[in-house]
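The model shown is predicted, which means the values in this text are computed figures rather than measured ones.
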Amino acid sequence: MDIEGVHFFIGGEEVLRGVDLVIGKGEVVIVRGRSGVGKTTLARVAALLITPTSGRVVFMGKDVSSAPDPVRSLLRLKLIGYVDQSYTLIPSMTLLDNVALPLRLAGIGRRESVERASEALEALGIGDLARRYPREVSGGQRQRAAIARALVKRPRLVVADEPFSNLDDETTTSVLSVLKNYARSSGAGVLITTTDLLTEYGCDKDLSLVRGVLAMTRG
């Protein structure tokens, strides 16, 4: 994905100021910044959830900046995995059914959907919780289920907004390894945002967002 010269205003305030960002095939990109600097806005622009005020968003070679909502929704359903800070798991569904849901919506049969969802939960270390409901597991376990749901459809782009916020150090390392391995094996791009300004994550690009401006930190 190429994000080119993107500006975004909220209530007259410029949240993103001419952001340029390339997420290459198989690349894991991390964007750091304090709360309120625009990381979630950037993540939502990349995930095609919101349209920038100006600038271009190019996905798989096509400018989708102003694509109609049905087109953007279809791209999100089939090609983009998004993890937001609040998990957005459906309370009345088990973790297994939550993870399988994108596949069912894409028209994949129940048997294959359940098999792939089970594999995704196992990869995130919570396969034994497949039949539990979101209210029956911890915040960190819900977070991992949300990441499994993003990966299960084998997207071309994964956008994870603060995916480590409810995870301990050991689990963070494990989840980051899953995301890196997915990027390498599938050729998908991965964008991660975090408020952590210090930890060395070993990503392909390590960037900082300050007052709506993106800059290289290290890497």
Validation row: V28, R184 side chains within 4.5 angstrom (heavy atoms)
yes

Carboxylate-amine/guanidinium contact D161 K39, below 4.0 Å:
no

Backbone of V114 reached by a side-chain donor or acceptor of S118 within 3.5 Å:
yes

Keeping R72 on the side-chain end and I50 on the backbone end, is there a donor-acceptor pair under 3.5 Å?
yes

Rounded to the nearest 0.5 Å, how far apart are OG1 of T171 and CZ of F164?
11.0 Å

Picking from R149, R131, R110, R132, what satisfies salt bridge (charged side-chain N to carboxylate O under 4.0 Å, His left out) with D97?
R110

Check: K205 side chain, M216 main-chain N or O, donor-acceptor pair, under 3.5 Å:
no

Distance-only, no hydrogens or angles: does the Y87 side chain make a donor-acceptor pair with backbone N or O of Q141 under 3.5 Å?
no

Keeping R32 on the side-chain end and T199 on the backbone end, is there a donor-acceptor pair under 3.5 Å?
yes

What I want to check is whether the side chains of S73 and R76 have a donor and an acceptor closer together than 3.5 Å.
yes

R144 side chain to V175 main-chain N or O, any donor-acceptor pair under 3.5 Å?
no

Just by distance, no angles: are the side chains of S165 and Q85 close enough, under 3.5 Å, to form a donor-acceptor pair?
no

Keeping K180 on the side-chain end and G202 on the backbone end, is there a donor-acceptor pair under 3.5 Å?
yes

I'd like to know whether CG of D168 has more than 12 heavy-atom contacts from other residues, nucleotides or ligands below 6.0 angstrom.
yes

Among L209, V45, L191, whose side-chain contact (heavy atoms from CB on, under 4.5 Å) with L21 holds?
L191

With distance as the sole test, does S208 use its side chain to make a donor-acceptor pair with the main-chain N or O of A215 at under 3.5 Å?
no

Do T193 side-chain atoms and E162 backbone N/O form a donor-acceptor pair below 3.5 Å?
yes

State yes or no: do Y82 and V6 share one hydrophobic cluster built from I, L, V, M, F, W and Y residues joined by side-chain heavy-atom distances below 4.5 Å, directly or via other members?
yes

